[in-house]
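Along the sequence shown, residues carry numbers from 1. When a ligand or atom number is given, it counts from 1 through the structure's own listing order.
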Amino acid sequence: KPHQFWETQPIPNINDMDSLKPGPIQEGVLEDVRKDPYNLISKFEWCNIDLRNDEQAQQVYALLKENYVEDDDNMFRFDYSIDFLRWALLPPGQYPDWIVGVKVNQKLVGFITGIPVTLNIENQQTKIKMTEINFLCVHKKIRANRLAPVLIKEITRRVHIKNMWQAVYTAGIVVPTPISQTRYYHRSLNAKKLIEVGFSSLSARQTISRQQKLYKLPEETKTQGLRSMKKKDVAQVTKLLNEYLKKFKLYFKYTEDEVKHWFIPRKDVISTYVVEKEQGIITDFLSFYNLPSQVIKNPKYTHLKAAYSYYNVATQTPIVQLMYDALILAKNEGYDVFNCLDIMENEKFLKELMFCPGDGQLNYYLYNWKLESNMLKPEEIGIVLV
Ligand SMILES: COc1cccc(CC(=N)NC(=O)c2cccnc2OC2CCNCC2)c1
């Protein structure tokens with residue numbers, strides 16, 4: 001019986017589509033929220049993970065490295081670094097009990113996380129304080145214990161207890177009920193390596209050297225005034241980003257503190273470049289994050305270095321040119337491939353910059369919210385999850 005768990009959750013199913021009115025599906029009642037953690041099977045224990053602690057961060061790293069998301073052909077597995085996890089999970093306003101682990105004899109076997117976000121949905125007047133859920137992971141050796149539903153219920157309880165009643169999350173799989181189904185695209189930067197690790201394949205008429213020529217990039221970027229973002233840019237970038245995102249139906253509202261956290265460059269984690277014109281005016285910016293994948297078995301390579309498009313705001317520079325510079329910068333930083341989704345305005349540059357469609361999709365979900373329009377088109381999505 002598929003979706004045994006999901007049918008019990010406040011998420012529209014197909015026949016709710018016309019009956020449910022837009023907005024919260026269930027009204028949250030704070031006093032009804034269970035005060036104690038959900039029961040776990042014996043020997044399993046809840047623990048809050050402090051990612052600032054090196055040992056605990058190392059345990060999370062090791063669990064994800066071996067047991068987190070793989071591609072459809074099980075050739076690659078995400079390999080989030082500790083510095084990346086600290087960036088992704090310790091934003092301003094973070095709650096320590098939203099980094100949730102399950103241990104057996106001190107060994108971490110389960111994990112799920114939430115971070116606080118302020119989401120605008122379909123240009124509602126109200127912004128909604130909610131949680132962004134990520135990194136749901138159960139050790140391969142203890143799957144089919146129904147631990148994942150308990151991890152989801154427990155973090156839901158910990159969100160409810162803070163009087164928050166909605167969540168946003170993504171998944172490669174389809175469970176009830178996506179609000180948008182986006183496709184991922186990749187642009188080759190190191191054609192030879194992508195072929196050698198099996199990420200790309202050659203058709204009969206293609207050769208490695210022809211692929212290398214096809215995807216070759218200049219050393220220098222084109223856009224005048226393009227430079228790495230600095231702290232002094234935070235105020236302008238915040239204004240630019242918040243204004244730009246209003247064109248989408250789903251987007252976060254960012255404070256300056258949040259922009260500082262999410263966009264100030266961090267080596268091997270996040271790269272952000274701004275376009276500075278006369279009098280120090282910032283007119284555009286581009287950003288991409290570092291998410292390597294372990295190559296599960298390959299004689300020559302252990303990792304695929306992948307840059308993932310984050311937020312790109314083009315108000316003066318043509319978006320094709322801005323993203324062409326993003327490719328050049330990523331190539332110069334040593335990446336093998338540049339990945340993005342067909343969300344926001346990305347389809348404006350995908351073809352021209354020679355992105356190829358990936359073989360899967362990334363589904364967006366909202367918990368306890370009925371949209372006015374049942375589904376959103378990818379270009380209406382203005383949020384990027386890591
Ligand atoms: C190449 O190595 C991979 C290792 C694991 C999974 C996949 C395929 C995949 N599932 N890709 C994506 O989900 C994806 C493709 C393009 C852009 N962002 C993405 O996912 C992001 C956002 C959601 N959390 C994971 C990272 C590829």
Side-chain angles (χ1 to χ4, degrees), residues 60 63-81 84-85 87-89 111-115 117 132-137 140 167-175 178-191 193-201 250 252 262 269-270 286-298 301-312 323 326-327 330 335-347 349-350 353 355-366 378-379 381-386:
V60 171
L63 175 73
L64 295 177
K65 182 183 173 67
E66 295 310 315
N67 302 284
Y68 198 46
V69 177
E70 298 172 5
D71 69 306
D72 291 350
D73 302 324
N74 307 99
M75 292 172 63
F76 307 99
R77 188 164 50 240
F78 288 138
D79 185 9
Y80 288 87
S81 73
F84 189 104
L85 293 167
W87 174 67
L89 298 172
F111 190 63
I112 191 165
T113 66
I115 59 169
V117 291
E132 175 191 300
I133 297 296
N134 207 341
F135 301 107
L136 169 60
C137 182
K140 284 174 185 258
V168 60
Y169 51 101
T170 61
I173 56 162
V174 180
V175 287
I179 57 158
S180 191
Q181 299 195 287
T182 75
R183 297 197 52 74
Y184 37 85
Y185 288 76
H186 44 258
R187 207 282 184 181
S188 183
L189 302 175
N190 182 347
K193 178 172 174 184
L194 294 188
I195 291 155
E196 289 176 334
V197 299
F199 182 86
S200 307
S201 53
L250 204 67
F252 296 136
W262 292 116
V269 173
I270 176 75
L286 67 92
S287 57
F288 49 86
Y289 61 83
N290 173 38
L291 173 50
S293 281
Q294 187 182 351
V295 183
I296 291 169
K297 52 179 170 305
N298 181 279
Y301 297 101
T302 59
H303 284 82
L304 178 63
K305 298 186 177 79
Y308 285 73
S309 178
Y310 196 46
Y311 291 91
N312 306 295
M323 294 312 293
L327 296 176
Y335 290 99
D336 301 319
V337 65
F338 191 97
N339 292 327
C340 71
L341 298 164
D342 57 355
I343 60 175
M344 294 191 277
E345 299 185 294
N346 293 354
E347 29 75 41
F349 58 77
L350 291 173
L353 295 183
F355 281 77
C356 298
D359 54 9
Q361 66 188 22
L362 191 68
N363 303 296
Y364 279 74
Y365 297 91
L366 275 178
E379 55 268 28
I381 299 286
I383 58 176
V384 178
L385 270 63
V386 297

Is the distance from the ring center of F349 to that of F355 below 6.0 Å?
yes
Are F135 and Y80, when compared by the centres of their aromatic rings, separated by less than 6.0 Å?
yes
Go through ligand 1 atom by atom and flag the ones less than 4.0 Å from a non-hydrogen atom of [X].
{"X": "T170", "result": "23 (C)"}
{"X": "L362", "result": "13 (O), 22 (C), 23 (C)"}
{"X": "S293", "result": "1 (C), 2 (O), 3 (C), 4 (C)"}
{"X": "F199", "result": "1 (C)"}
{"X": "E70", "result": "5 (C), 6 (C)"}
{"X": "D71", "result": "5 (C), 6 (C), 7 (C), 27 (C)"}
{"X": "L291", "result": "26 (C)"}

Going by the closest heavy atom to atom 21 (C) of ligand 1, which one wins out of Y289, Y184, F78?
Y289
Angle between ring planes, Y310 versus Y289, binned at 30° and 60°: parallel, tilted or perpendicular?
perpendicular
So F288 and Y335, would you call those rings parallel, tilted or perpendicular, with 30° and 60° as cut-offs?
perpendicular
Ion pair check, D342 and R183, cut-off under 4.0 Å
no
Hey, are K193 and D336 close enough for a salt bridge, meaning a charged N less than 4.0 Å from a carboxylate O?
yes
Crowded around K140 NZ? As in, over 12 foreign heavy atoms under 6.0 Å?
yes
At a 4.0 Å cut-off, with the gap strictly under it, does some heavy atom of Y185 reach an atom of ligand 1?
no
Using non-hydrogen atoms of the residue, decide whether Y80 is closer than 4.0 angstrom to ligand 1.
yes
Which residue and heavy atom of the protein sit nearest [atom], plus the separation:
{"atom": "atom 22 (C) of ligand 1", "answer": "L385 O, 3.2 Å"}
{"atom": "atom 24 (N) of ligand 1", "answer": "V386 O, 3.2 Å"}
{"atom": "atom 17 (C) of ligand 1", "answer": "Y308 CD2, 3.4 Å"}

Rounded to the nearest 0.5 Å, what's the gap from CD1 on I343 to OG on S180? Could you check?
9.0 Å
So, Y364 side chain and I383 main chain: donor-acceptor pair closer than 3.5 Å or not?
yes
